Number of protein chains: 2
Amino acid sequence: MTDPTPTPRGRTSAKRAAIAETLAGFEDFRSAQDVHEEMRRADRRVGLATVYRTLQAMVEGGELDSLRSETGEVTYRLCSGSHHHHLVCRVCGKALEVEGPAVETWAAATAEAHGFRDISHTVELVGTCSDH
Amino acid sequence: MTDPTPTPRGRTSAKRAAIAETLAGFEDFRSAQDVHEEMRRADRRVGLATVYRTLQAMVEGGELDSLRSETGEVTYRLCSGSHHHHLVCRVCGKALEVEGPAVETWAAATAEAHGFRDISHTVELVGTCSDH
DNA sequence: ATTATTGCAAACAATTTGCATCGTT
DNA sequence: AACGATGCAAATTGTTTGCAATAAT
C-alpha cells in the first residue's frame with residue numbers, strides 16, 4: 001500500500017505540472033492537440049511532442065483516462081477513480097460518466113463463457129443531449 | 001421487407017466485387033490496408049484508395065461492420081445482420097460476435113435517464129482467448 | 001454519351017522520433 | 001556532472017482527395 005513515489009516516472013518539471021493543471025481545467029475528454037492549443041492560448045506554451053509524451057505517461061501512470069473519439073483521435077481526461085463508462089453528446093461533446101454494473105457483469109460472464117481471460121471492456125454511449 | 005436494390009449506391013464493378021469477395025474470405029476484422037495487401041497477394045490488385053472508398057461505402061450500406069482496433073485503425077468485417085458486439089482476442093485477433101440484450105437495455109435506460117436521444121452504443125470486449 | 005469508378009500521386013491529420021539543448025537532481 | 005525532459009523539425013502512419021483515364025449504363 002505504501003508508495004513513496006506518486007508517479008514513478010522521471011523527474012518533476014514545470015511543464016509537466018502545467019499540462020496537468022490544464023487538464024484539470026477541463027470537464028470532458030480532450031485531445032493532445034486541444035490541450036496544446038489551450039496552453040498556447042493561456043500563454044503556457046509547451047511543445048506539442050511534449051504534450052503527447054506527457055499525456056501518454058500520465059495514462060500509464062494511471063492518472064488519466066483515455067479513449068478514442070469517433071474521429072479516431074485519442075482523448076484524455078483526469079480519471080475520477082472507479083471504473084465507469086461514458087455517455088457523450090454527439091453535438092456538444094458533453095460527457096457524463098455513468099456506472100454500468102449490469103455491463104460489468106455481462107462482460108465478465110460473456111468472456112468466461114467463451115473461455116477468454118483478462119477481459120477488459122470498452123463501452124461508449126453516444127447520443128444527443130437534451131440541449132439539442 | 002422488399003428491397004430490390006441490395007446496395008443502392010452507384011454502379012456495380014468487378015473491383016468492388018473483388019473487395020467484397022476478399023472480405024468474405026476473412027473471419028475477423030481487417031483494416032483497409034490488410035484487405036489491400038491480401039488482394040495484391042492474390043493478384044487481384046486494386047488501388048488502396050479504392051479499397052478505402054469501397055469499404056466506407058459498404059459500411060454505410062450496412063454490409064460491413066467496422067470498429068477501431070486498439071491501435072486506432074479502422075477495421076472491417078462482413079456483418080451478419082442483427083445488432084451485436086464483439087469479443088476480440090488481443091493475441092490472435094480472433095473475433096466472436098456476442099449478443100448483449102442486457103447491454104442494449106441498459107444503454108437505452110441510461111441514455112433516457114440523462115435525457116439523451118438517438119443513442120447508439122459501442123461495446124468492445126477484449127481479452128485473451130483460450131488458445132493463449 | 002453520360003456519369004460513376006479507379007488509380008496514382010499529392011495532400012492531410014494525428015502521432016512519433018531523432019537529436020541537440022536545457023532543467024533537475 | 002549525469003541523465004531525464006523539452007522543443008523543433010523531420011519522419012511515420014493511416015486515411016483522404018484532386019484529377020485524368022476508364023468502365024458501366
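Letters A, B, ... are given to chains in the order of the sequence lines, protein chains preceding strands, and every chain is numbered from 1. Side chains included, hydrogens not; waters and symmetry mates left out as well; all remaining heavy atoms used. This structure is a prediction, so every number in the text was calculated from the model and none was measured.
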Task: Under 3.5 Å: donor-acceptor pair, side chain of A:Thr75, backbone of A:Leu67 - done: yes
Open item on the list: What is the separation between atom OH on A:Tyr76 and atom P on C:dA14, rounded to the nearest whole Å?
Closed with: 13 Å
Open item on the list: Please confirm whether the shortest side-chain N or O distance from B:Lys15 to OP1 or OP2 of D:dT22 is below 4.0 Å.
Closed with: no
- [ ] Can you tell me the distance, in whole Å, between the CD atom of A:Glu70 and the P atom of C:dA14?
- [x] 16 Å
Task: Between P of C:dG7 and OH of B:Tyr52, the distance in whole Å - done: 15 Å
TODO: Let me know, please, whether B:Ala32 or A:Val51 comes out on the 5' side of the other along DNA chain D by nearest nucleotide.
DONE: A:Val51
- [ ] Starting at atom NE2 of B:His36, determine the distance to atom P of D:dT13, rounded to an integer number of angstrom.
- [x] 16 Å
- [ ] Measure from the side-chain heavy atoms of A:Thr54 and tell me the nearest of D:dA9, D:dT6, C:dT15.
- [x] D:dT6
Open item on the list: Is there a path of hydrophobic side-chain contacts, each under 4.5 Å between heavy atoms, that joins A:Tyr52 and A:Leu78?
Closed with: no
Show the distances under 3.5 angstrom between N or O atoms of the protein and N or O atoms of nucleotides 20-23 of chain C.
residue, atom, partner, partner atom, Å
C:dG23, N2, A:Arg11, NH1, 2.2

- [ ] Name the nucleic acid region contacted by B:Arg45, choosing base, sugar-phosphate or nothing; use a 4.0 angstrom heavy-atom cut-off, strictly under.
- [x] sugar-phosphate
Open item on the list: Tell me whether the side-chain N or O atoms of B:Arg53 pair up with the base of C:dG7 as donor and acceptor below 3.5 Å, since no angle test is needed here.
Closed with: yes
Open item on the list: Return the CD1 to CD distance between B:Ile19 and B:Glu21, rounded to the nearest 0.5 Å.
Closed with: 11.0 Å
- [ ] In whole angstrom, give the distance that lies between atom CD of B:Glu60 and atom P of D:dT16.
- [x] 11 Å
Task: Rounded interatomic separation in angstrom, taking CD from B:Gln56 and P from C:dT5 - done: 13 Å
Task: Whole-Å gap separating P (D:dG14) and CD (B:Gln33) - done: 5 Å
Open item on the list: Quick check on A:Arg117: does its CZ atom have over 12 non-hydrogen neighbours (other residues, nucleotides or ligands) under 6.0 Å away?
Closed with: yes
Task: D:dA24 OP1/OP2 closer than 4.0 Å to side-chain N/O of B:Arg16 - done: no
TODO: Taking atom CZ of B:Arg68 as the centre, report whether more than 12 heavy atoms of other residues, nucleotides or ligands fall under 6.0 Å from it.
DONE: yes
TODO: Determine yes or no for a side-chain-to-main-chain donor-acceptor pair under 3.5 angstrom, with B:His36 supplying the side chain and B:Val46 the backbone.
DONE: yes
- [ ] Quickly work out the B:Leu48 CG to D:dG18 C1' distance and round it to whole Å.
- [x] 16 Å
Task: Aromatic plane relationship, B:His85 with B:His121 - under 30° parallel, 30 to 60° tilted, over 60° perpendicular - done: tilted
